[in-house]
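Structure first, commentary second.
Predicted model, so just to flag it, every value in this text is computed and none were measured. Both ligands and their constituent atoms are indexed starting at 1 by order of listing.
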Amino acid sequence: MTDVTRPDFTALDLDAIAGLTGRIAVLAGEGGSMDKAARRINRLMKGALARFLDSEAFAKLEEGEAVSLGWPAGLAAEAVDVVKIGKRLTPDAARKVGATLGAKRGTGDVTVFAGSQKNLDALALALILRSYSFTAHKSGEAATPKTGAVTLMVNQPEAWSPLVDEVMAVAEGVTMTRDLVNAPANVLTTTEFAARASELKDMGLKIEVLDEAALDALGMRALLAVGQGSESPSSVVVMEWAGGGEEAPLALVGKGVVFDTGGISIKPAAGMEDMTMDMGGAGVVTGVMKTVAMRKARANVVGLIGLVENMPDGKAQRPGDIVTTMKGDTVEVINTDAEGRMVLCDVLWYAQERFKPAGIVDLATLTGACVIALGHENAGVFSNDDSFCKAFLKAAESEEEGAWRMPLGPAYDKQLESAKADFKHVGGRPAGAITAAQFLQRFIKDDVPWIHLDIAGVADVKQATALAPKGATGWGVRALNRLIAETCEH
Ligand code: BES
Ligand code: MN
Ligand code: ZN
């Protein structure tokens, strides 16, 4: 897995400044008044910092933006990053500063002079997340990037140091998700994914891998039908974290299509390579389970991921096939490219039968229609329970992970009517993200609070986002971790 740098909070050491390597960062407010560290840096730079803070260039900066003074005379550092800040470092503002510094850092050393600012844990997390890069398949020098140190020199290191474990738990979870989502499908097969999830038993999670024979015995014919055209065996991985005593768990369910060719309803060639990310839901579930275990959450959480590969071959399912789900409903397969819901329906049903969860959140890169509706800024949120949904939206907002509630309603059900089976699995082009959710809801028992997150637009993106370089974002790990902290732990 990609190494995650552990941030270090230490006391300000003025005499060390001249010799610090890598980048050093100064936070300065409107008007440019300097704290002790800045005054020392300014003196070493023979007044260049003060000149910059007096300049129009500094005045014009937005909060969270920085100008880098390169190869400064008087310092060993390669750059001084001067970040403009407002009066108070709110969590959002702290994240913005961290993201700015993370993007500049790459993987070198960085020392941030943060004095007595607030929300420095959020700053450190953002800095680490934004300096992620996926080098697992580079060769030569790029394969082993330097892993520099992240140091925050502060007035009260003893107040911040206890929070570092929590920062690391989240950073490691998000990084695991990104590594999984970025991995190509010839490497991250269903078997390899299950093996990587199984390694989490070292963190105190109970892991179980249900193989095809076990899934067949359970009657998960819809899930198995999706994987039957692939050489990689289908499986369901169950990850349990029991930190909360006797209470019913929160269940997280993820779509883990390690590659989606579309099957016999094959996708066009252009852009098909992006379908390595079609296990994004399972990636988020796995990352959250890692975070929850690393921070020893006082909650019961169970993660279930359905791992399949959607391939066309002689054994592949066909349009027109009728399959029987674990629940017992029969489904007419119209388009083998609408495979995600066929995987989820069986795993959702199994999760409820086995764990009697207090709530369920499923995550899936489910529909192109959701990308058309919301773009790459927001995931689609569907729910049968207003208060559960509100709690999630609040957690997502606190973490600045875009999430937008979409409607459900029985009127959409007529799009799923089938002449031959109990229903079909696709409802045509209108409201494609909603009819997919509507299909899933048929596998949710009446009294179970449920949220479906369609993350097709946010799991993997072509342009850098606030806290991620282009590629896998890890969207949802932080929001779900917060939801668990705020609603499951006491
Ligand atoms: N994995 C895709 C959805 C997807 C599209 C994810 C773009 C990420 C980016 C899903 O399995 C799929 O192919 N959905 C079809 C459903 C249709 C056949 C009803 C779609 O959205 O076109
Ligand atoms: Mn598909
Ligand atoms: Zn898919």
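On a distance-only criterion, D260 and ligand 1 share at least one N/O pair closer than 3.5 Å. Residue K255 places at least one N or O, backbone or side chain, under 3.5 Å from an N or O of ligand 1.
Counting heavy-atom neighbours within 6.0 Å of K356 NZ, excluding the residue itself, gives a total above 12. The number of heavy atoms from other shown groups lying within 6.0 Å of CD (E208) is above 12. Atom CD of E377 sits in a sparse spot, with 12 or fewer heavy atoms from other residues, nucleotides or ligands closer than 6.0 Å.
Judged by a 6.0 Å distance limit and a 45° cone about the ring axis, K445 is positioned over the six-membered ring of W349. For the pair R178 and F134, the cation does not sit on the ring face, since its NZ or CZ is not both under 6.0 Å from the ring centre and inside 45° of the axis.
Under the 4.0 angstrom criterion for non-hydrogen atoms, M275 is in contact with ligand 1. Within the 4.0 Å heavy-atom cutoff, H425 does not count among the residues contacting ligand 1.
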Trace of the salt bridge (Lys or Arg N to Asp or Glu O under 4.0 Å) decision for D422 with R442:
CA-CA 11 Å; D422 294 340; R442 295 177 177 220; over 6 Å; no

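Between R478 and E401, at least one side-chain nitrogen of the basic residue sits less than 4.0 Å from a carboxylate oxygen of the acidic one, meeting the salt-bridge criterion. Salt bridge E172/K290: present, at least one basic N to carboxylate O contact under 4.0 Å. The residues D165 and R295 are annotated as not salt-bridged, no charged nitrogen and carboxylate oxygen being separated by less than 4.0 angstrom.
Applying the 4.0 Å criterion to heavy atoms of G368 picks out, from ligand 1, the atoms 3 (C), 5 (C), 20 (C), 21 (O). Ligand 1 places these atoms under 4.0 Å from at least one heavy atom of K267: 12 (C), 13 (O). When each atom of ligand 1 is checked for a heavy atom of V426 under 4.0 Å away, the hits are 19 (C). Shown in contact with E339 at under 4.0 Å from a heavy atom are these atoms of ligand 1, numbered in order with element: 11 (O). Applying the 4.0 Å criterion to heavy atoms of N335 picks out, from ligand 1, the atoms 18 (C).
Contact annotation: the side chain of L393 approaches that of R405 to within less than 4.5 Å [non-hydrogen atoms, C-beta and beyond]. By the 4.5 Å heavy-atom criterion applied to side chains, I484 and E489 are counted as neighbours. Annotation: side chain of V112 is in contact with side chain of L101 (closest heavy-atom distance under 4.5 Å). Side-chain contact between R95 and L123 is absent, with no heavy atoms from C-beta onward closer than 4.5 Å.
Shortest distance from the Mn ion (ligand 2) to E339 is reached at OE1 (N/O/S atoms only). Minimum-distance N/O/S atom of D260 relative to the Mn ion (ligand 2): OD2.
Put simply, D278 stays out of reach of the Mn ion (ligand 2), with no N, O or S atom under 2.8 Å from it.
Of all the heavy atoms in A225 and Q317, the pair that sits closest is CB-OE1, 3.5 Å.
Tally of protein N, O or S atoms closer to the Zn ion (ligand 3) than 2.8 Å: 4.
Closest to atom 17 (C) of ligand 1, if we only count protein heavy atoms, is A338 CB, 4.3 Å. The closest protein non-hydrogen atom to atom 15 (C) of ligand 1 is D337 O, 4.0 Å. Taking atom 1 (N) of ligand 1 as the reference point, the nearest protein heavy-atom neighbour is D278 OD1, 2.8 Å.
The part of L366 lying near ligand 1 is the backbone, judged by heavy-atom distances below 4.0 Å. Neither the backbone nor the side chain of R429 comes within 4.0 Å of ligand 1, counting heavy atoms alone.
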